[in-house]
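Worksheet: one structure, shown below.
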Amino acid sequence: MSPRRNRPSGGESPSEPSDGGGGAGPDRFGLQRTESWQGEEWLVRMVSGAAAAGKRYRCPGCDQEIPSGVPHVVAWPEYGGVDDRRHWHKACWNAKDRRTSKVQRSRNAPRY
């Protein structure tokens, strides 16, 4: 028996990204959208987490670590730079309007 193929059969070709495939547009890293929050426009991108093997991030919503390889959200102000990007758990980003402005840490929690 031959192995299963996950390719379209026949003359079909896979769809090409809208930016031509080689650029650093939003299709290369995931879907990007704009959201309003705290009177600012934010660029929001879903990331799979697989590309950042070995990296860990701290979610500003819950102050917990986002382990390497976990899908999450990256958000930054529309006119901000690379240093303004923040990595959020998807649930924390969706609940950002329901959270208080000060996250309370336990005594033993790291302060980074």
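If you read the sequence from its start, that first residue is 1, and numbering goes on from there.
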Any pair counted as salt bridge (charged side-chain N to carboxylate O under 4.0 Å, His left out), so long as it reaches residues 34-43, sequence neighbours left out: R33-E35, E35-K96
Once you round to the nearest 0.5 Å, how far does [atom1] of [X] lie from [atom2] of [Y]?
X: E65; Y: C59; atom1: CD; atom2: SG; result: 11.5 Å
X: I66; Y: R56; atom1: CD1; atom2: CZ; result: 12.0 Å
X: R86; Y: R58; atom1: CZ; atom2: CZ; result: 13.0 Å

Listed partners of W76 passing side-chain hydrogen bond (donor to acceptor under 3.5 Å, both in side chains), at least two apart: none
Residues in side-chain hydrogen bond (donor to acceptor under 3.5 Å, both in side chains) contact with H89, at least two apart in sequence or another chain: none
Side-chain donor or acceptor of D84 paired with backbone N/O of G81 under 3.5 Å: yes
Under the ring pair (Phe, Tyr, Trp, His ring centres under 6.0 Å) test, residues paired with W93 that sit two or more places apart: W37, W88
Heavy-atom pair with the smallest gap, counting every atom of C92 and G61: CB-CA, 4.3 Å
Residue pair V73 / K90: nearest heavy atoms and the distance that separates them: CG2-CA, 3.8 Å
